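Letters A, B, ... mirror the listed sequences (proteins, then strands); counts begin at 1. Just so it is clear, the structure is predicted and the values come from calculations on it, not from any experiment.
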2 protein chains.
Amino acid sequence: MVGIKDVAETAGLSVATVSRVLNGHPSVSDGARERVLAATEALGYRPNVVARSLRTDRTGTIGLVISDVLNPYFTELARAVEEEARTLGYSVIIGNADERADLEDHHVRGLLERRIDGLLISPADGRSPMTLEAAAGPTPVVFVDRWIPGTDVPVVRSDGRGAIADLVDHLHALGHRGLAIITGPTATTTGRERVDAFRAGLAAHGLTLREEYVGRGDFQAESGRRATERFLDLPEPPDVVFATDNLMALGALDAIGARGLRVPDDVALAAFDDIPWFSHTDPPITTIAQPTAELGRVAVRALADLIAGSPATSTVLPAHLVVRRSCGEPDPEGATRE
Amino acid sequence: MVGIKDVAETAGLSVATVSRVLNGHPSVSDGARERVLAATEALGYRPNVVARSLRTDRTGTIGLVISDVLNPYFTELARAVEEEARTLGYSVIIGNADERADLEDHHVRGLLERRIDGLLISPADGRSPMTLEAAAGPTPVVFVDRWIPGTDVPVVRSDGRGAIADLVDHLHALGHRGLAIITGPTATTTGRERVDAFRAGLAAHGLTLREEYVGRGDFQAESGRRATERFLDLPEPPDVVFATDNLMALGALDAIGARGLRVPDDVALAAFDDIPWFSHTDPPITTIAQPTAELGRVAVRALADLIAGSPATSTVLPAHLVVRRSCGEPDPEGATRE
DNA sequence: TCCTATCATGTAAACGTTTCCATGGACCCA
DNA sequence: TGGGTCCATGGAAACGTTTACATGATAGGA
């Protein structure tokens, strides 16, 4: 591989000068600059980022560890993160934890060893030792979407409570009383928040969340299917199933369809996370939409601040209800309609 | 940051011995090994992969440049690639080209400068100079899904011709004669292959593909919508629209729904690329499914071979037709049914 | 008992950069 | 004309590893 040394040789200059040209250092003559650029061109020189990183202790890279790439929510998040990072001059390395603590560990460790400049994590739960270590260590860390209570890491997330209250109001207004929920892992902050808000919403209408109407899921499609099947097997099945992420909603749809039941006539369905496909399902699904891309952008900027040495602030953005047809005819004066 | 030197000091050994322990070199005494491990533990030592890579000229990383992370097809591909790479001891850095040659260039250049051990590319077209340079250069490269004719880079892809012929047969058997297609960029190999196979399929039934029934898309949803709108504006709209990827099918669905038309009664719809959502759309969509995950795994193994110095072989895997309801009632003896 | 092979360990070079410091020349001002 | 400043350039150290080579010790075979 051709290095800076070869360039220096053909340009008839020292490596120091070549380096200066390559880094836009002001103190270099036009003649030298020209000769260096000509040499790099002629030799097809390509800088060795590895060597540069070793010397400068900066990799120009940030890590992003998410729970599940296959989940369209995280895909969109990842895309926004990469885009914003690129405009700020950073590359992004994505680690897919697949909702597994061991994989989360694996990726966080790998990224730290790679000496990324900063780390964006959506922690599965508080039980990944490496994540905790990273949160406490010297590398800048920002949590996105989910967070770990008790750490003093900045968090960029959306608050679904208001939207969930709106959802319960909506369901109540449509006459539904038997409300069931498929939760995520209760170890995740988002998992807990969503079921808590749901329960609070019911309480506001004088209803309580029946124990058998709580299905424990793991944010993956298969768990949504199983939970829904259990609901439908109950002597008194619920009127509505609220899946707390889009994949579990997909599983629920599967389970309902497999029994030949219709949404919303036989059972209504609502989901957390809005994705394009939800306007094309049969029927279109009422959802709670997060400002996903904005979340990603804000998180990157917070991380960049942290890397630059300034303190980063946590951000909470609101989610909102998107009423479609999967819970019955929309109430006349409701939230956003599609 | 604590380095191998600090570990050596606290262990009372030389850096060479520490390095040997860390790399599992056989020639090291049990006592030394123990002391080193104790020291790493005590100091919280974390190896510096950057320095290691500089010395060994191996990064343990492969690059993956795809056209669009938001496309579920590529998401699934990326996930499979990461999984297989991980079992082989590699990390993956994903670059999202967003169907833009300049972004493809940007990512390929960045990955080469990062000195990745090998590169997996799904090239948008043959017009990215960096991709061509990479293909000709010393870094091992494998093309996946799409490829660039004229290069001698191994290719791992699926062949959709047979399945497209099956699709045309299926449509013909259902009585459809006005067949329209939304193509991808004709600069991509997959884009060309799909329209060619479609035209050939029609020819086999004595039909020709009318010029106004060819919509030029770009593999993104919006282009599918626009192409479909143009089809529907024709004095004689087509009976069937075949979208050559899943996002354009989503756009088509949008356009059809926006006019209050029904699938398949008013216009039938079929798509290339099968994704879970297609069984939940209204109606479920007839598609051509690729062995996406397998494609990713095979590509990684081919690349690993190349990196190891062995010649890699190209692979072509077959796609197959999945009949659902979006083209009308399935013919009694058809392809795979769902 | 001596020679040799084997083994555990250490020393130091090398990987490709960036950057501190030194050097010499040109220029400016008095 | 002399002294000082600034600028372009080069030499060399440093970043944290791995590894070739050297060394001393230990053991095994004759």
Side-chain angles (χ1 to χ4, degrees), chain A residues 1-37 39-40 43-61 89 109-117 138-139, chain B residues 1-37 39-40 43-61 89 109-117 138-139:
Chain A
M1 261 283 166
V2 29
I4 210 179
K5 214 166 161 179
D6 308 289
V7 175
E9 208 163 313
T10 44
L13 290 162
S14 75
V15 291
T17 306
V18 174
S19 174
R20 276 189 276 260
V21 171
L22 264 29
N23 292 294
H25 191 286
S27 193
V28 49
S29 71
D30 290 348
R33 194 185 321 277
E34 253 171 55
R35 270 148 65 207
V36 167
L37 293 179
T40 56
L43 299 179
Y45 169 75
R46 203 162 302 293
N48 186 330
V49 186
V50 175
R52 173 180 311 179
S53 297
L54 177 60
R55 180 56 229 245
T56 59
D57 204 35
R58 289 189 6 108
T59 51
T61 302
R109 172 176 298 111
L111 290 167
L112 289 181
E113 292 183 351
R114 255 196 188 69
R115 297 299 197 265
I116 43 146
D117 296 340
T139 305
Chain B
M1 261 285 165
V2 29
I4 210 179
K5 215 166 162 179
D6 308 289
V7 175
E9 206 163 312
T10 45
L13 290 163
S14 75
V15 292
T17 306
V18 174
S19 174
R20 275 189 277 257
V21 171
L22 265 27
N23 292 295
H25 192 285
S27 193
V28 49
S29 71
D30 290 347
R33 194 185 322 277
E34 255 170 54
R35 272 149 63 208
V36 167
L37 293 179
T40 55
L43 299 180
Y45 169 76
R46 204 161 303 294
N48 186 329
V49 185
V50 175
R52 175 181 312 185
S53 297
L54 177 60
R55 178 57 227 245
T56 60
D57 205 34
R58 289 191 5 109
T59 53
T61 303
R109 173 177 297 109
L111 290 167
L112 289 180
E113 293 183 350
R114 257 196 186 64
R115 296 301 197 265
I116 43 146
D117 296 340
T139 305

Residues at least two apart in sequence or cross-chain that pass side-chain hydrogen bond (donor to acceptor under 3.5 Å, both in side chains) with A/Ser14, listed by chain then number, are A/Thr17
By nearest-nucleotide position on DNA chain C, the 5'-leaning member of B/Gly12 and A/Arg46 is B/Gly12
Short N/O separations, protein against nucleotides 18-22 of chain D, under 3.5 angstrom:
residue : atom : partner : partner atom : Å
D/dT18  : OP1  : B/Asn23 : OD1          : 3.3
D/dT18  : OP1  : B/Asn23 : ND2          : 3.2
D/dT18  : OP1  : B/Arg52 : NE           : 3.2
D/dT18  : OP2  : B/Ser19 : OG           : 2.5
D/dT18  : OP2  : B/Asn23 : ND2          : 3.3
D/dT18  : O2   : B/Arg55 : NH1          : 2.2

The correct set of residues in residues 27-35 of chain B placing a heavy atom under 4.0 Å from DNA chain C is B/Ser27, B/Val28, B/Ser29, B/Ala32
- Task: State whether the number of non-hydrogen atoms from other residues, nucleotides or ligands found under 6.0 Å of A/Asp57 atom CG is greater than 12.
- Result: no
In short, B/Thr59 meets B/Asp117 closest at the heavy-atom pair N-OD1, 2.9 Å
Atom CG of A/Asp57 and atom P of C/dT19 are separated, to the nearest Å, by 11 Å
Atom CG of A/Leu43 and atom C1' of C/dG16 are separated, to the nearest Å, by 15 Å
Please list every donor-acceptor pair under 3.5 Å in which a side-chain atom of residues 25-33 of chain A meets a protein atom from a residue at least two apart or in another chain.
residue : atom : partner : partner atom : Å
A/His25 : ND1  : A/Ser27 : N            : 3.0
A/Ser29 : OG   : A/Ala32 : N            : 3.2
A/Arg33 : NH2  : A/Val28 : O            : 3.0

* Do the side chain of B/Asp6 and the main chain of B/Gly3 share a donor and acceptor less than 3.5 angstrom apart? -> yes
In terms of heavy-atom contacts, B/Val7 and B/Thr10 come closest through O-OG1, 3.1 Å
note: A/Lys5, atom NZ; D/dA12, atom C1'; distance rounded to Å ~ 12 Å
Minimal heavy-atom distance between B/Met1 and A/Pro138, with the atoms involved, is CE-CG, 4.0 Å
*asked:* For a side chain to side chain contact (heavy atoms under 4.5 Å, CB included) check, start with the C-alpha distance between A/Leu22 and A/Thr40, then their side-chain angles and the critical distance, and finish with the verdict.
replied: CA-CA 10 Å; A/Leu22 264 29; A/Thr40 56; 4.2 Å; yes
(Q) Under a 3.5 Å cutoff, is there a donor and acceptor pairing between the side chains of B/Arg115 and B/Thr139? (A) no
Between CG of A/Leu13 and C1' of D/dG11 the distance, given in whole Å, is 14 Å
Considering only distance and modelled atom types, tabulate donor-acceptor pairs under 3.5 Å from the side chains of residues 43-53 of chain A, sequence neighbours left out.
residue : atom : partner  : partner atom : Å
A/Arg46 : NH2  : B/Glu133 : OE2          : 2.4
A/Asn48 : OD1  : A/Val50  : N            : 2.9
A/Asn48 : OD1  : A/Ala51  : N            : 3.2
A/Ser53 : OG   : A/Val49  : O            : 2.8
A/Ser53 : OG   : A/Arg58  : O            : 3.2

Heavy-atom nearest pair, B/Val18 first then B/Ile4, reads CG1-CG1, 3.4 Å
Whole-Å distance, A/His25 NE2 to C/dT19 P, equals 9 Å
Separation of D/dA14 atom C1' from B/Leu54 atom CG, nearest Å, is 12 Å
Students should find that the end-to-end axis angle of the helix from C/dT1-D/dA30 to C/dA30-D/dT1, with five pairs defining each axis and rounding to 10 degrees, is 40°
Rounded to whole Å, the CD-P distance (A/Glu9 to D/dG10) equals 13 Å
